[in-house]
Amino acid sequence: MAKQFTRPKGTRDIYYEEALIRRRVIDRVRDVFLSFGFSDLDTPAFELLETLQAKSGPEVEEQIYVFDDKGGRRMGLRFEFTASLGRVVASQDDIVRPFKRYQIGKVWRYESPQSNRYREFYQADVDIVGPYTMDCEAEIMTVVASALAEFGLDDYVFLLWNRKLLKAQLAVAGIEDEALQGAVMRGLDKLDKIGGEAVRKYVVESGVPEALYERFMALVPQEEGNEAILESLERTVGEHPQGREGIDELREILRLAAGGGLAEHIQLTPFLVRGLDYYTGAIFEVRSPALDNISFGGGGRYDTMVRLFGGQDAGAVGFAFGVERLVAVLTEKGLVSGPRCEALVMLAPRNKALVAQTFGLARELRAAGVPVFQHLGAQKLAKQLAYADRMGFPYVVVVGEQEVESDVFPLKDLRTGEQIEVPRAELAARILA
Ligand code: AMP
């Protein structure tokens, strides 16, 4: 038997309906980004490893696909777009701030693959670089909400929190050491996956005294509802400078986002941490019950990034949809569907002598705006029609001698089985109707 070649683990081959749906989802998301005035940016799929490592922290660093190029340079495949954005903004003088840009493409992470977790996936990313004001967070959440509204998805929630509150809670609890703070955050980031007890064990084994962890946990609001959570924070960390800032920022984001009609979708979530080290302020994720409440997008504020890449200080807020997960949510809710290909009609030449005329008709129809699939391969008509059924084209037109002579063609609707005779000049309008 011939050798079978397999795909790398955690990757997928997608085609027909699934590929078409993903492309359409990406196109619509891009259109929404463009409608908010985000501009295009393209950066390399691989970067010098040091660029990717500059600001990400251990959690993703382990996941970078690393290789040496032929010149012996250490390279990595991008695992998200933010590091490249930071490098560009820091190194290009002609970029004016605020810089609102989007980028959509593949990213790679060496993760353990499971359902909805791949080693190669698409992200659709929007970021605003420049301002430190909370209108940026509100704008990012609004553009995300607009994209979801574009698909008719209402069943989702933004989880919102602020790194400053975590820092304040840690400090008030007496966990001041940065490494220990990092251990608590990494532990909490796994909360959904491993549960509270396992997090405690992880944190204590990482060197955080259990009593301090207890104290920290007692500062985490247990209340439900945004206002109740804010009041609890006022009591526990309202006097701490970072706590104060964190509370004020959350209030401001909620106020501005309410102006954009988002209020009922935002849920303050005291255990939201997010994996990446570089966040400095607000952090948010978007989840839907349609996808078991795993995040299908996430982001936050990362004000130190541009400076770390050697540029002038700049505020920055960003968000990335995981496109496969967004598609999964929309599919689960029945909000996207599609055919195997975009063609609305298949042209079937009755015999070899009619192929040239078929090219002519195809050209005319395409010029009139009809996507046309011309059958190739000089097969018998019955085979061509069976093919059309399998592909699910809405219409078939058989091109025979008589039709070419009379300029009247049989337009068969494969969904209903009905066939009507249509003059050549009216074919396009009928198909597009
Ligand atoms: P992150 O950059 O980790 O904040 O991820 C942003 C979004 O990308 C997440 O909300 C997911 O939707 C998506 N994502 C992250 N990792 C994966 C993965 N391994 N496979 C598929 N989607 C992912």
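Along the sequence shown, the residues carry numbers beginning at 1. Just so it is clear, the values below take in all heavy atoms, side chains as well, and ignore hydrogens, waters and symmetry mates. All of these numbers come straight from a predicted model, not from anything done at the bench. When a ligand or atom number is given, it counts from 1 through the structure's own listing order.
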Verdict with supporting geometry, R251 and E234, salt bridge (Lys or Arg N to Asp or Glu O under 4.0 Å): CA-CA 12 Å; R251 284 197 190 279; E234 293 284 359; 3.6 Å; yes
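- Cation-pi geometry between R22 and Y122 is not satisfied (NZ or CZ under 6.0 Å from the ring centre, within 45° of the ring normal).
- For atom 9 (C) of ligand 1, the nearest non-hydrogen atom from the set G300, S115, S295, G318 belongs to S295.
- At a 4.0 Å heavy-atom cut-off, ligand 1 touches N116 through the backbone alone.
- Ring orientation note: the planes of F373 and F393 are tilted relative to one another, at an angle of 30° to 60°.
- Judged by the 6.0 Å distance and 45° axis criteria, K190 is positioned over the aromatic ring of Y202.
- With a 4.0 Å heavy-atom cut-off, ligand 1 is reached by the side chain of R109 but not by its N, CA, C or O.
- Of all atoms in ligand 1, listed by their number and element, those nearer than 4.0 Å to a heavy atom of Q123 are 2 (O), 5 (O), 6 (C), 7 (C), 8 (O).
- In this structure, R274 is part of the shell of residues with a heavy atom less than 4.0 angstrom from ligand 1.
- Using a 4.0 Å cut-off to heavy atoms of Y118, the atoms of ligand 1 that qualify are 18 (C), 19 (N), 20 (N), 21 (C).
- Close contacts between ligand 1 and E111 involve ligand atoms 16 (N), 17 (C), 18 (C), 19 (N) [criterion: under 4.0 Å to a heavy atom].
- In R117, the parts holding a heavy atom less than 4.0 Å from any atom of ligand 1 are both the side chain and the backbone.
- By the 6.0 Å and 45° rule, K3 stacks over the aromatic ring of F5.
- Against a heavy-atom cut-off of under 4.0 Å, A320 is close to the following atoms of ligand 1: 6 (C), 7 (C).
- Those atoms of ligand 1 with a heavy atom of G297 less than 4.0 angstrom away are 10 (O), 12 (O).
- The heavy atom nearest to atom 18 (C) of ligand 1, out of those in F79, F321, F121, is found in F121.
- The two residues L180 and S206 have their closest heavy-atom pair at CD2-O, 3.8 Å.
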